[in-house]
Amino acid sequence: MARLAQTAGLTDIQQEILSTVRDFVDKEIIPVATELEHRDEYPQQIVDGLKELGLFGLMIPEEYGGLGESLLTYALCVEEIARGWMSVSGIINTHFIVAYMLKQHGTQEQKDHYLPRMAAGDIRGAFSMSEPALGSDVSAITSKAVKDGDEYVLTGQKMWLTNGGTSSLVAVLVRSDEGHPEGTAPHKSMTTFLIEKEPGFGQIQPGLTIPGKIDKMGYKGVDTTELIMDGLRLPADRVLGGATGRGFYQMMDGVEVGRVNVAARGCGVAQRAFELGVSYAQQRHTFGKPIAQHQAIQFKLAEMATKVEAAHAMMVNAARKKDSGERNDLEAGMAKYLASEYCKEVVEDAFRIHGGYGFSKEYEIERLYREAPMLLIGEGTAEIQKMIIGRRLLEEYRFQG
């Protein structure tokens, strides 16, 4: 397994960080993940351990108390964590999307106020675009903010918030028509607001309700929720970046980071599925020999390992492109698409290798089989990724007639 998904050109510091995270995953996550997942229990002890390791500040600049590491380092850490339990990687993903958006787009006052506490893990982030009637069609958002004196009043219902209950800072995208005349393109009349709240469920504060956890097929442990705003009042300094109308671009910048994260999660889950499959294939005997010696199983293992390698390479390329300061929506879309599809296929092959035991909750592969589908839709479906990829390719290869 050590020969799969290796990354060339890492610094000594990056290698040390990854080694520390890998040890933590092997000792603190894998042994308890399936039990916690079956109970749908929030992994508080694991989260506390990540906080102690400083992972909540991994990409936050050193001037704010973080480690100042790259997106590549973060993605490789996510890959390791998802290999242990994908839900844990979801807990830090939304946190870092919000931290990244603050770092890139926040006012200096917002950075000074939030980033040090986010780096320490004292504030946990969540972000929200989706609504009950829409997913990838961000332009159809109906939640709105109306200016009322020195405040904004927010109304609407948001959906699919990872960390919705346990977070204390939510970046939420709403429509804000103030200063944008009728006929303005929808994406130019959206604003990101920063909602500070107490963790918990129910009516958290006047105008803000987190109804409860959504019961899911997989991706358990981490809380996924709705968020209902009914006359929620926020001061003007909670507008990310200090000016309305920039929310769509801020969110899309954050989503590029999120797509690299989802690709990394797919890589991690696929790696674990391969580990389980290749191990079981050497223990299970049929017709007088381990099933790993049957050509049909060897073919499966070969295909699985090749997919793990290919997805990892695409994910690393997308992260490095973003770190270079270049536009990476093409690379991030490709990586997210390939890694999530390959993850599903590798997990299913490992499931098949396990035979009837793969259907038993006693075996870890059963959990992975329920987790993999989330990656097919999270941060944009495969169809959305193909649209992004196709449009960017036509920009790059424009016909000169």
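Here the side chain of Gln385 pairs a donor or acceptor atom with the backbone of Glu379 at under 3.5 angstrom. For Lys158 (side chain) and Leu173 (main-chain N/O), a donor-acceptor pair under 3.5 Å exists by modelled atom type. Using modelled atom types, no side-chain atom of Asp40 and backbone atom of Lys220 make a donor-acceptor pair closer than 3.5 Å. Side-chain atoms of Glu309 come within 3.5 Å of backbone N or O of Ala5 as a donor-acceptor pair. The backbone N or O of Glu16 sits less than 3.5 Å from a side-chain atom of Thr20, completing a donor-acceptor pair. For the pair His312 (side chain) and Glu79 (backbone), a donor-acceptor distance under 3.5 Å is absent. Without hydrogens or angle criteria, Arg175 side chain to Ser139 main chain gives a donor-acceptor distance under 3.5 Å. Of the possible polar contacts, none joining the Gln293 side chain to the Pro290 backbone as a donor-acceptor pair under 3.5 Å is found. Between the Gln110 side chain and the Val239 main chain, a donor and an acceptor come within less than 3.5 Å of each other. With Asp223 contributing its side chain and Thr166 its backbone, the two residues share a donor-acceptor pair below 3.5 Å.
Around atom NZ of Lys27, no more than 12 heavy atoms belonging to other residues, nucleotides or ligands sit under 6.0 Å away.
Side-chain contact between Tyr369 and Glu348 is present, with heavy atoms from C-beta onward closer than 4.5 Å.
There is a side-chain donor-acceptor pair under 3.5 Å between Gln283 and Ser279.
Under a 4.0 Å N-O distance rule, the pair Glu331/Arg320 does not qualify as a salt bridge. The pair Lys322-Asp253 meets the salt-bridge criterion, with a side-chain N (NZ, NE, NH1 or NH2) lying under 4.0 Å from an Asp/Glu carboxylate O.
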